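Below is one structure. I have some questions about it.
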Amino acid sequence: LEVVAKAVKQLQPLKVVMNSGYLAALLSDARILVFDHKALLCETSIAHLCEPKELLSLQLRESDPVIAASNGRVFLFHRSTAAWFSFTTSSTEEELLLASLLG
């Protein structure tokens, strides 16, 4: 991942996280790149769901990116379905579901 991390730095990401052999980078145009130690696993964008300036944090659930936004929403990208899931932080049921997803 060290080589990948150096390459990603050249993209000037807003946020970079590493977790269990995966690296995710959030770019200023709201694209998210996820790598393992060998290759790019996915490239997606959250621009259709919120503005890049609204993004507070980036985490990884295994190799799936999780984004917290300033509007109280949490977004999970599920790579196997290639879809974004959105949760509000005000809903207890959704919080429990998100907690189960995040492990």
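Values in this document were obtained by computation on a predicted structure and should not be read as measured data.
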_I'd like to know if the side chain of W84 and the backbone of S45 have a donor-acceptor N/O pair within less than 3.5 Å._
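Between the backbone of S45 and the side chain of W84 there is a qualifying donor-acceptor contact (under 3.5 Å).
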*Under 4.5 Å between any side-chain heavy atoms of V16 and L23, yes or no?*
yes
_Worked check of side chain to side chain contact (heavy atoms under 4.5 Å, CB included) between V66 and L60_ = CA-CA 6 Å; V66 179; L60 282 170; over 6 Å; no
_Straight-line distance of R73 CZ to E54 CD, nearest 0.5 Å_ = 11.5 Å
*Any side-chain heavy-atom pair from L26 and P13 closer than 4.5 angstrom?*
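A side-chain contact is absent here, since even the closest heavy-atom pair is not under 4.5 Å.
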*Quick one: closest heavy-atom pair of L40 and F35, and the distance?*
CA-CD2, 3.6 Å
*asked:* Can you list everything that forms a side chain to side chain donor-acceptor pair (under 3.5 Å) with E43? Sequence neighbours excluded, please.
replied: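 Scan of E43 (side chain to side chain donor-acceptor pair (under 3.5 Å), adjacent residues dropped) gives R31.
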_Nearest 0.5 angstrom please: D36 CG to L41 CG, how far?_
4.0 Å
_Separation between SG of C42 and CG of L33, rounded to the nearest 0.5 Å_ = 8.0 Å
_Please give me the minimum heavy-atom distance between L58 and V17, naming the atom from each residue._
O-CG1, 3.1 Å
_Could you measure the distance from the CG atom of N71 to the CD atom of E51? Nearest 0.5 Å is fine._
11.0 Å
_Checking side-chain contact (heavy atoms from CB on, under 4.5 Å) between L55 and each of L14, L49, I46, which is the one that passes?_
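That would be I46; it is the only one of L14, L49, I46 passing the side-chain contact (heavy atoms from CB on, under 4.5 Å) with L55.
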_Minimal non-hydrogen separation, S63 against V34, with atom names_ = O-CG1, 3.5 Å
*Does the D64 side chain pair with the main chain of H78, one donor and one acceptor, at a distance under 3.5 Å?*
no
*State, yes or no, whether a side-chain contact exists between P65 and F75 at a heavy-atom distance under 4.5 Å.*
no
*Please report the shortest heavy-atom distance between T44 and F77, naming the atom on each side.*
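What the structure gives for the nearest pair is OG1-CE1, 3.4 Å.
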_I need the minimum non-hydrogen distance between P52 and D29, along with the two atoms involved._
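Result for this residue pair: CG-C, 4.2 Å.
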*Are the side chains of I67 and S57 in touch, meaning some heavy atoms are under 4.5 Å apart?*
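I67 does not reach S57 side chain to side chain.
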*Which side chain to side chain donor-acceptor pair (under 3.5 Å) pairs, counting each pair once, include a residue from residues 9-22, with sequence neighbours left out?*
none
*Measure the spacing between NE2 of H37 and CE of M18 and express it to the nearest 0.5 Å.*
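The CE atom of M18 is 13.0 Å from NE2 of H37, to the nearest 0.5 Å.
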